[in-house]
Participant: 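Pasting in a structure now, in structure tokens, and then I'll have a few things to ask.
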Number of protein chains: 2
Amino acid sequence: MARLSIVTDNPRPASRPERSAKAEQTRQTIIDAAMRLFRTHGYDKATMRAIADEAGVSIGNAYYYFSSKEHLIQAYYDGINAEHAERAAATLATATTFADRLTGVLLAWVDVAEPYHEFAGKFFKNAAEPSSPLSPFSADSEATRVAAIDLHRQVIDGSDIKLAKALRAELPELLWLLQMGVVLFWVHDTSDGQRRTRQLVEQAVPVVDRALRLTRIPGVRGLVDDVVGLVRTIKPTAG
Amino acid sequence: MARLSIVTDNPRPASRPERSAKAEQTRQTIIDAAMRLFRTHGYDKATMRAIADEAGVSIGNAYYYFSSKEHLIQAYYDGINAEHAERAAATLATATTFADRLTGVLLAWVDVAEPYHEFAGKFFKNAAEPSSPLSPFSADSEATRVAAIDLHRQVIDGSDIKLAKALRAELPELLWLLQMGVVLFWVHDTSDGQRRTRQLVEQAVPVVDRALRLTRIPGVRGLVDDVVGLVRTIKPTAG
DNA sequence: ACCAAGAGTTGAACACGTTCAAGAATGGAG
DNA sequence: CTCCATTCTTGAACGTGTTCAACTCTTGGT
């Protein structure tokens, strides 16, 4: 797995000095220890005490770097996302049609996330709470969310699809929502290799593609405007 | 609020003897104490110790009746559902158009759930874990889920809307999914009185209504078949 | 009346995530 | 080098949900 991109949970002003090299190393040590324990012993056994122990630091020290266990898990989550972005970029470099590009991006996520499926449920549980920093709708996740939405903008922009301007502007966010739906399905998917989730993606994408191409016919255009209006009304302050 | 219907977390075979009257009373006392504390002091302050204390029993005794704090919260959830079904029935008795019926059912839920919004997130957290019996997709929730889906069947059947047979068969499930989406939005909605969720419902329902009425025009019919096919493929074993 | 057997009840104890006051190491200014 | 402010580190302690062995009470059969 690619190197993790670590998200500072309390981002400082850019003017402040950087963290020392040693501190950065300790931080990474803790994350590595956490990853190791999650993989080998599962979510429940990977207690903050065990992680700190594995990393060779005190509990308090672990909390100096990560203000909660959830923030520590978020480093994990960020790692998955970083690898997804990487693989998705590879797909986007070759695929040209909208359907192929979207399928590629969604399946890349399923591929990358597969090793974590076992404890994804536990992770998901924490992410579901609105006040949790792990929630995909939270302020803490904004950077990740924006990046993911931008990925879908690339899916659209690099493709052959023709869309009304207003729809094109809102579609990346809607596709991200679709991805969240896929994740929801994936979490509940117990088939091996998450076969059914892949099936869902492969069947759903052509439907989406077809629906989008229908947006240009007269009777449907008004509906599209309504949908765009709805999204715009609902978006600003809440997820 | 109407009387709570209590769900036994470990349902026994019907042949077993009933719980004693005194036990049933103690059980109810604990729930009442929990409700009181949740309402007055919020979720975090309503610790198991505080609840047991308020009910005049020991901690261990509270756990004798509810195998976890989650199960205690489920009593709450069941109460909401029961009251929703009641209010929805009232709406369905008078509203005739599809849009009015759907809006009525969805807003009824928002009305009923409003007092619980503060700690709904905590409940939601538990419900999100796939292995949890509280998950709306779980086998344990099947009765509740089937009832809710049937409610949406009534929304359709009693209305003026005309739909293709295949779509009509799958639509109740899709509307239930829409309701789950509304709940997801509602959980994250911090506007007062969940104003924005009501706005979402009032704006989204006409769009859904319009979309459904478009399903009869020729170019769209193929898409509808695809969607129905997708739903049927995906439904059987996973949520 | 007596006695098992089960139902109901208890609170100390456990492991967990998290906090905090206190101390140790670091690095730049003089 | 000395000093001091800042960064980094520590582990005991807190409150939480949950468990459990031991206890008391209730019930029904003899």
Side-chain angles (χ1 to χ4, degrees), chain A residues 8-10 12-13 15-31 33-34 37-38 41-76 119 122-123 125-126 129 131-134, chain B residues 8-10 12-13 15-31 33-34 37-38 41-74 119 122-123 125-126 129 132 134:
Chain A
T8 310
D9 47 57
N10 290 317
R12 299 135 188 272
S15 61
R16 285 291 215 88
E18 289 294 319
R19 225 185 309 278
S20 75
K22 187 185 174 195
E24 193 56 54
Q25 189 185 328
T26 305
R27 195 188 186 78
Q28 193 62 49
T29 304
I30 295 169
I31 292 168
L37 287 184
F38 277 131
H41 293 82
Y43 182 89
D44 287 329
K45 292 289 181 63
T47 67
M48 286 302 278
R49 281 168 183 79
I51 291 168
D53 213 49
E54 175 86 9
V57 300
S58 67
I59 311 168
N61 199 210
Y63 274 94
Y64 179 78
Y65 289 102
F66 300 94
S67 54
S68 74
K69 192 181 183 181
E70 300 197 344
H71 279 100
L72 186 45
I73 298 171
Q74 188 165 33
Y76 215 47
F119 55 84
K122 306 291 175 105
F123 174 79
K125 171 177 172 169
N126 292 328
E129 194 181 348
S131 60
S132 166
L134 290 178
Chain B
T8 309
D9 47 56
N10 291 316
R12 299 134 188 271
S15 61
R16 287 288 215 89
E18 289 294 320
R19 225 184 306 278
S20 76
K22 186 186 175 194
E24 193 56 54
Q25 188 185 330
T26 305
R27 195 186 186 79
Q28 193 62 48
T29 303
I30 294 169
I31 291 168
L37 287 184
F38 278 133
H41 292 81
Y43 182 89
D44 287 330
K45 292 290 181 64
T47 66
M48 287 302 279
R49 283 168 182 79
I51 292 168
D53 213 50
E54 174 85 10
V57 300
S58 68
I59 311 168
N61 198 209
Y63 274 92
Y64 178 77
Y65 289 103
F66 300 93
S67 53
S68 73
K69 197 180 181 181
E70 300 184 13
H71 280 99
L72 190 44
I73 298 171
Q74 189 168 29
F119 51 86
K122 311 286 175 145
F123 172 79
K125 172 178 173 169
N126 295 327
E129 194 180 348
S132 166
L134 276 60

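So you know, we letter chains A, B, ... as the sequences are listed, proteins then strands, and number each from 1. Only this structure's heavy atoms are used, side chains among them; waters, hydrogens and symmetry mates stay out. All values derive from a computational prediction rather than experimental measurement.
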Participant: In whole angstrom, give the distance that lies between atom CD1 of Ile30(B) and atom C1' of dG17(D).
Facilitator: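 Answer to the nearest Å: 15 Å.
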Participant: To the nearest angstrom, how far is Ile73(A) atom CD1 from dC16(C) atom C1'?
Facilitator: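 It works out to 13 Å between those atoms.
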Participant: Please give me every residue in residues 50-58 of chain B whose heavy atoms get under 4.0 Å of an atom in DNA chain C, ordered by residue number.
Facilitator: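 When residues 50-58 of chain B is checked for heavy atoms under 4.0 Å from DNA chain C, the hits, listed by number, are Val57(B), Ser58(B).
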Participant: Starting at OH of Tyr64(B) and ending at P of dC25(D), how long is that distance when rounded to a whole Å?
Facilitator: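 About 16 Å, once rounded to whole Å.
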Participant: Just to verify, what does Asn61(B) make a side chain to side chain contact (heavy atoms under 4.5 Å, CB included) with, not counting sequence neighbours?
Facilitator: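 Scan of Asn61(B) (side chain to side chain contact (heavy atoms under 4.5 Å, CB included), adjacent residues dropped) gives Thr26(B), Val57(B), Ser58(B), Tyr64(B), Tyr65(B).
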Participant: Find the distance Arg27(B):CZ to dA7(C):C1' and express it as a whole number of Å.
Facilitator: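 For the pair Arg27(B) CZ and dA7(C) C1', the rounded distance is 14 Å.
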Participant: Please list, chain by chain and in numerical order, all residues satisfying side chain to side chain contact (heavy atoms under 4.5 Å, CB included) with Tyr43(B), sequence neighbours excluded.
Facilitator: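 Once residues adjacent in sequence are excluded, the partners of Tyr43(B) under the side chain to side chain contact (heavy atoms under 4.5 Å, CB included) criterion are Phe38(B), Lys69(B), Ile73(B), Phe119(B), Lys122(B).
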Participant: Hey, what do you get for OG1 (Thr29(A)) to CD1 (Ile51(A)), rounding to the nearest 0.5 Å?
Facilitator: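 Going from OG1 on Thr29(A) over to CD1 on Ile51(A), the span is 13.5 Å.
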Participant: Can you sort out the partners of Glu54(A) under salt bridge (Lys or Arg N to Asp or Glu O under 4.0 Å), two or more places apart, ordered by chain and number?
Facilitator: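 Checked Glu54(A) against salt bridge (Lys or Arg N to Asp or Glu O under 4.0 Å); matches are Arg36(A).
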Participant: Give the minimum heavy-atom separation between Leu37(A) and Ala46(A), together with the two atoms involved.
Facilitator: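 Closest heavy-atom pair between Leu37(A) and Ala46(A): CB-CB, 4.0 Å.
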Participant: May I have the distance from Tyr43(A) (atom OH) to dC16(C) (atom C1'), rounded to whole angstrom?
Facilitator: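 Those two atoms, OH and C1', are 11 Å apart.
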Participant: Rounded to whole angstroms, how far apart are OH on Tyr65(B) and C1' on dT18(D)?
Facilitator: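 Atom OH in Tyr65(B) sits about 18 Å away from atom C1' in dT18(D).
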Participant: Could you tell me if the side chain of Tyr63(B) sits less than 4.5 Å from the side chain of Met48(B), heavy atoms only?
Facilitator: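 Yes, at least one pair of side-chain atoms sits under 4.5 Å.
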Participant: Show every salt bridge (charged side-chain N to carboxylate O under 4.0 Å, His left out) that has at least one partner inside residues 56-67 of chain A, sequence neighbours left out.
Facilitator: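 Salt bridge (charged side-chain N to carboxylate O under 4.0 Å, His left out) check on residues 56-67 of chain A returns no pairs.
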Participant: Please give, in whole Å, the distance from dT18(D) C1' to Asn61(B) CG?
Facilitator: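 Rounded to whole Å, this separation is 15 Å.
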Participant: Treat primed atoms plus P, OP1 and OP2 as sugar-phosphate and everything else as base, then score nucleotides 17-25 of chain C 5' to 3': B for base contact with protein heavy atoms under 4.0 Å, S for sugar-phosphate contact only, - for none.
Facilitator: BBB------
